[in-house]
Amino acid sequence: MLQPEQWTEKFVDLIAHASSQLPPDVLAALERGRAAEQPGSLAAKALDSILTNVAMAKGNWQPICQDTGTPLVWIHHPVGMSTRMLTGAFEEAVRRATAKALLRPNAVDTLTDKNTGHGQAPGIPTVHCEEWDSPEVEVRLILKGGGCENVGAQYSLPNTKLKADRDLEGVRRCILDAVAQAQGKGCAPGIIGASFGGDRGSGFVESKRQLLRHLDDRNPIPELDRMEQDLLAQSNELGIGPMGFGGKTTVLGVKIGNLGRLPASYFVSVSYMCWANRRAGARIDQKGEVKWLN
């Protein structure tokens, strides 16, 4: 298939799409939120500013937000393809995208407290490589800003404060509490990716993987589908609204997954994504032809 240099070029294109082009389902949800808010309200004005910003970024192929976030990428690849090569190519793509101002120099060395200057450091980007049977490569990317990352949360059930037991009702209480605690600090209206089960690490990985889903999809597990719809409605009844200004549009979507767990542990992991749900995907065939995925 492609050589490492060619993979790097494809990945830079993917980063450019994620950084500057908001997915259609997210844009539609923001527009629905704008229509639901009271004309002249702070909520409506905030959404007007957001929608203007989205249009300007799209037209100029410039970052939607000044915080271009941490690149998180899932790469599905055919049997025998080098994951070391794919990871290296994506890390180089981050450096090149940063040099092109598609990404902000966001990587700080935690020992020296100095910015690396090129957007890449140990753990940045986060690359997940997973083998599959298709001859194509599928790449799914999100850019997750620091503000929304700061309001993520993890709970251990049972939780006496929330009166949450080790059941689906307990999971619901935790997720709704995370939304309430975030207020406007996560750049609402947000998108919630959640997972219950797993350990502390795998739960957060799965909660972030849920953010790859389209806002208008439906969970194939009936119990989780009902929970997603109920939590979307309940979150928007909290009155937090865009940027915490009050209003009807606090959350644009709720996506929930579940993992197996040890008998001793029951974690609920919640990842909060800001309104700038910068998500991009592509399928790349053996000839290097790209099919863009929303």
Side-chain angles (χ1 to χ4, degrees), residues 9-73 93-107 115 118-119 125 139-151 182 184-191 211-212 214-216 240-253 272-282 290 292-294:
E9 292 175 357
K10 301 293 185 186
F11 293 155
V12 170
D13 287 344
L14 185 76
I15 291 169
H17 274 78
S19 181
S20 64
Q21 312 293 303
L22 201 65
D25 59 306
V26 181
L27 177 59
L30 287 168
E31 290 173 339
R32 287 194 299 270
R34 172 61 184 84
E37 298 295 351
Q38 185 70 27
S41 65
L42 287 175
K45 291 178 180 178
L47 287 168
D48 281 340
S49 295
I50 287 171
L51 290 168
T52 299
N53 180 85
V54 170
M56 292 175 67
K58 180 178 180 180
N60 295 314
W61 282 83
Q62 293 179 338
I64 293 170
C65 178
Q66 53 85 22
D67 179 6
T68 56
T70 300
L72 308 171
V73 65
V94 167
R95 291 190 286 267
R96 293 189 191 181
T98 303
K100 292 182 176 183
L102 294 166
L103 298 175
R104 185 177 70 179
N106 259 354
N115 196 301
H118 50 59
V139 192
R140 300 275 187 174
L141 169 68
I142 59 173
L143 301 177
K144 195 167 190 307
C148 63
E149 181 70 1
N150 287 344
V151 296
K185 293 177 287 186
C187 289
I191 297 162
L211 297 172
L212 296 173
H214 284 204
L215 295 183
D216 52 4
I240 296 169
M243 301 298 173
F245 290 146
K248 301 177 181 179
T249 316
T250 298
V251 167
L252 301 177
Y272 190 107
M273 186 70 172
C274 60
W275 65 264
N277 186 21
R278 292 156 293 180
R279 184 190 76 224
V290 177
W292 293 103
L293 307 171
N294 290 329

Report task. Enter the distance from Gln66:CD to Asn106:CG here, rounded to the nearest 0.5 Å. Result -> 8.5 Å
Query - Main-chain N/O of Ile191 paired to Asn277 side chain as donor or acceptor, under 3.5 Å - result: no
Query - Rounded distance [0.5 Å steps], CG in Leu72 versus CG in Leu141 - result: 7.5 Å
Report summary line: All heavy atoms of Val251 vs all of Pro189, minimum pair found to be N-CB, 4.3 Å
Query - Atom pair NZ/SG of Lys185 and Cys274 - distance to nearest 0.5 Å - result: 15.5 Å
Query raised in the report: Do the non-hydrogen side-chain atoms of Lys58 and Leu22 ever get within less than 4.5 Å of each other?
Result: no
Query raised in the report: Any idea which heavy atoms bring Lys45 and Gly40 closest together, and the distance?
Result: CE-O, 3.5 Å
Query raised in the report: Could you state the interatomic distance from CD1 (Ile64) to CH2 (Trp275), rounded to the nearest 0.5 Å?
Result: 6.0 Å
Query raised in the report: Looking only at atom types and distance, does a side-chain atom of Arg278 sit under 3.5 Å from a main-chain N or O of Ala276, one as donor and one as acceptor?
Result: yes
Query raised in the report: Any donor-acceptor pair under 3.5 Å linking the side chain of Asp67 with the backbone of Gly145?
Result: no
Query - Derivation of the side chain to side chain contact (heavy atoms under 4.5 Å, CB included) call for Met243 and Leu42 - result: CA-CA 9 Å; Met243 301 298 173; Leu42 287 175; over 6 Å; no
Requested in this report: Please examine the side chains of Pro63 and Ser19, heavy atoms only from C-beta on, and report whether any two atoms are closer than 4.5 Å.
Outcome: yes
Query raised in the report: Which pair of non-hydrogen atoms, one from Tyr272 and one from Lys144, has the smallest distance, and what is that distance?
Result: O-NZ, 2.8 Å
Requested in this report: Kindly indicate whether the side chain of Val139, heavy atoms from C-beta on, has any atom under 4.5 Å from the side chain of Val73.
Outcome: yes
**Report entry** Interatomic spacing from OG1 in Thr52 to CG in Leu47 - rounded to 0.5 Å
**Finding:** 10.5 Å
Query raised in the report: If we only count heavy atoms from C-beta on, is the Leu293 to Arg140 side-chain gap below 4.5 Å?
Result: yes
Query raised in the report: So, do Thr70 and Glu149 sit near enough that their side-chain heavy atoms are less than 4.5 Å apart?
Result: no
Query raised in the report: How close do Ile142 and Leu212 get, heavy atom to heavy atom, and via which atoms?
Result: CG2-CD2, 3.6 Å
Report task. Check for a donor-acceptor pair, side chain of Thr249 on one end and backbone N or O of Gly241 on the other, with a separation under 3.5 Å. Result -> no
Requested in this report: Identify the two heavy atoms, one from Ala43 and one from Gly247, that lie closest to each other, and give their separation to 0.1 Å.
Outcome: CB-CA, 4.3 Å
Query raised in the report: Can you find a heavy atom in the side chain of Val26 that is under 4.5 Å from one in the side chain of Arg279?
Result: yes
Query raised in the report: What's the shortest heavy-atom distance between Thr98 and His118, and which atoms?
Result: OG1-O, 3.2 Å
Report task. Measure up the Trp61 and His17 rings against each other and bin them: parallel (under 30°), tilted (30 to 60°), perpendicular (over 60°). Result -> perpendicular
Requested in this report: Check whether any side-chain N or O of Glu37 sits under 3.5 Å from a backbone N or O of Lys248 as a donor-acceptor pair, and report yes or no.
Outcome: yes
Query - Ile15 vs Val94 side-chain heavy atoms within contact, under 4.5 Å - result: yes
Report summary line: Value for CG (Asp13) from CD (Glu9), rounded to nearest 0.5 Å, stands at 8.0 Å
